[in-house]
2 protein chains.
Amino acid sequence: MRVLKYAILGLLDQRELTGYDITKHFKDSLGQFWSAKHSQIYPELKRLTEEGFIEFDIRIQGKKLEKKVYQITAAGKEEVRQWLRTKDPIPETTKDEFMLKTFFISSMNKKEAADLFAHQLLERTKKVDMLEQKLHALTEEDPSAESLHSAQFGHYLVLTRAIEREKGYVRWLQKTLKRIETSAV
Amino acid sequence: MRVLKYAILGLLDQRELTGYDITKHFKDSLGQFWSAKHSQIYPELKRLTEEGFIEFDIRIQGKKLEKKVYQITAAGKEEVRQWLRTKDPIPETTKDEFMLKTFFISSMNKKEAADLFAHQLLERTKKVDMLEQKLHALTEEDPSAESLHSAQFGHYLVLTRAIEREKGYVRWLQKTLKRIETSAV
DNA sequence: GGTCCCATGTAAACCGTTACATGATTAC
DNA sequence: GTAATCATGTAACGGTTTACATGGGACC
C-alpha cells in the first residue's frame with residue numbers, strides 16, 4: 001500500500017517542498033481525498049530519503065531557522081510514474097459513520113432520525129458552499145485551470161469532484177429527510 | 001471514536017448474532033459504508049462483554065460445534081442510543097486513492113490518464129450494476145422496505161445511497177474522460 | 001511583549017490488515 | 001471423501017491519531 005509515500009512523491013514531482021508545505025497541501029483541496037498529519041509526514045520523508053526517492057537541501061530562513069527543502073530524485077520520479085500507471089480494484093468499503101447510523105434507523109424514533117438528517121444536511125450544505133468558494137478562487141486565479149494542459153488541472157478536477165460528491169449527498173439527504181418527515185407516526 | 005463498538009452494538013440491537021454473523025453483515029450492503037475483519041471483531045466482542053454492553057450464550061451446532069450467540073444488554077442499548085443521537089462534524093477527508101492520482105494528472109500523459117479513467121469507469125459501472133441487483137433482490141423479498149416503518153428501511157437507505165454515490169462518480173468519470181480524450185495533444 | 005504562523009521532530013496509543021492456527025458441519 | 005462454509009481465536013505488522021516537545025520569524 002504505502003499511499004502516503006506516493007502522495008508525497010506526487011507532490012514533490014510538481015515542485016520542491018518542505019515537510020511543513022506538504023502538511024499544508026493536505027489541509028487544502030487535496031485533503032478532500034487524502035491527508036496526513038505532520039507526525040506521519042516527517043518520518044515518511046526520512047524514510048523516503050533513506051530509500052533514495054527524495055533528497056533535501058537545508059535552507060536558512062531569517063537568521064538561523066533551518067528548513068529542509070525536499071526534491072524528488074530520478075528514482076523517485078520512476079516510482080511515482082509506476083504507481084500512476086497501476087490500476088487497482090476499487091475498494092469495497094468507503095467508511096462513513098453517518099451512513100452506519102442510517103443503517104440503524106429502525107433503532108431511532110422519527111424525531112431523532114429527522115434531527116440527525118437535518119444536521120447532516122446543514123453540514124454538507126455548508127461544505128458545498130466552502131468548496132464552491134475554493135473553485136471560484138481557483139478559476140479567478142488561473143482561468144486556464146479547466147484545461148488538461150494547465151498545471152492546475154488536477155486541482156480543478158478534485159474540486160469539481162468534491163463538489164459533485166457533496167451535492168449528490170445533499171440531494172439524497174433532502175429526499176430522505178422529506179420521506180422521514182411525511183411518513184405517518 | 002471506537003466506531004466498531006457501535007457498529008456491533010447496533011447490529012446486536014436488531015437481533016442476537018454470533019461473531020461469524022457479524023462478519024457476514026460487513027460483507028453485505030452495510031459493507032459499503034463500514035466493515036471489519038473477523039480478526040478485529042472477535043477481540044471487540046470480548047471487550048464489549050467485559051464492559052457489560054453485551055452477553056453471550058453458548059449454543060451447540062450439530063454434535064459438538066460450540067458457538068457464542070451474543071445479545072445486547074440494557075447498558076448496551078443505552079450506549080447505542082446515546083451514539084445514535086450524537087451529531088459529529090463531517091470528516092474533512094474521505095480517502096480515495098484514485099482521486100489522489102487524479103490530483104497528479106499533470107504527471108501523466110494523455111494516454112495514461114485516459115487509460116486510468118477508462119478503467120475506473122468500467123469498475124464503477126460494474127459496481128452500480130451489482131448494487132442495483134442487490135436493491136432489486138431486497139425489494140422483491142420485502143416490498144415494504146422503502147417504508148420508514150420497515151425493519152429493512154436502513155438496509156434500503158444504504159443501498160439507495162451507495163447506488164447514487166456510484167452513479168454520481170460514474171457521471172463525473174464519463175464527463176472527465178471525454179474532456180481528456182477530446183483535448184488537443 | 002504577545003500572538004500567530006513557520007518549522008521539525010518523537011512517543012504512545014489506537015485502529016486495521018494479513019497471516020497463522022484450528023476444527024466442525026453441510027452438501028454433493 | 002472432499003469442498004465450501006461455519007465457527008473462533010491470536011500474533012505480527014503497518015498505518016493513523018493524539019499528545020508531548022521545542023524553537024524561530026513576522027507582524028502588531
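Here is the naming used below: chain letters follow the sequence lines, and residue numbers restart at 1 for every chain. Being a predicted model, the structure only gives us computed values, none of them experimental.
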Indicate, yes or no, whether a donor-acceptor pair under 3.5 Å links the base of D:dT18 to the side chain of A:Ser39. yes
Examine [N]: is either OP1 or OP2 under 4.0 Å from a nitrogen or oxygen in the side chain of [X]? Give yes or no.
X: A:Lys24; N: C:dC5; value: no
X: B:Lys5; N: C:dC15; value: no
X: A:Gln61; N: D:dG24; value: no
X: A:Lys37; N: D:dA19; value: no
X: B:Lys64; N: C:dA24; value: yes
X: A:Gln40; N: D:dT16; value: yes
X: B:Lys67; N: D:dA7; value: yes
X: A:Lys95; N: C:dC15; value: no

Taking only the side-chain heavy atoms of B:Tyr20 (C-beta and beyond), determine which of D:dG25, D:dT8, D:dT16 contains the nearest atom. D:dT8
From the set D:dA19, D:dG15, D:dG25, return the single nucleotide nearest to any side-chain atom of A:His38. D:dA19
Taking the six-membered ring for Trp, is the centroid-to-centroid distance between A:Tyr42 and A:Tyr20 below 6.0 Å? no
Answer with yes or no whether the side chains of B:His38 and B:Thr23 bring together a donor and an acceptor at under 3.5 Å. no
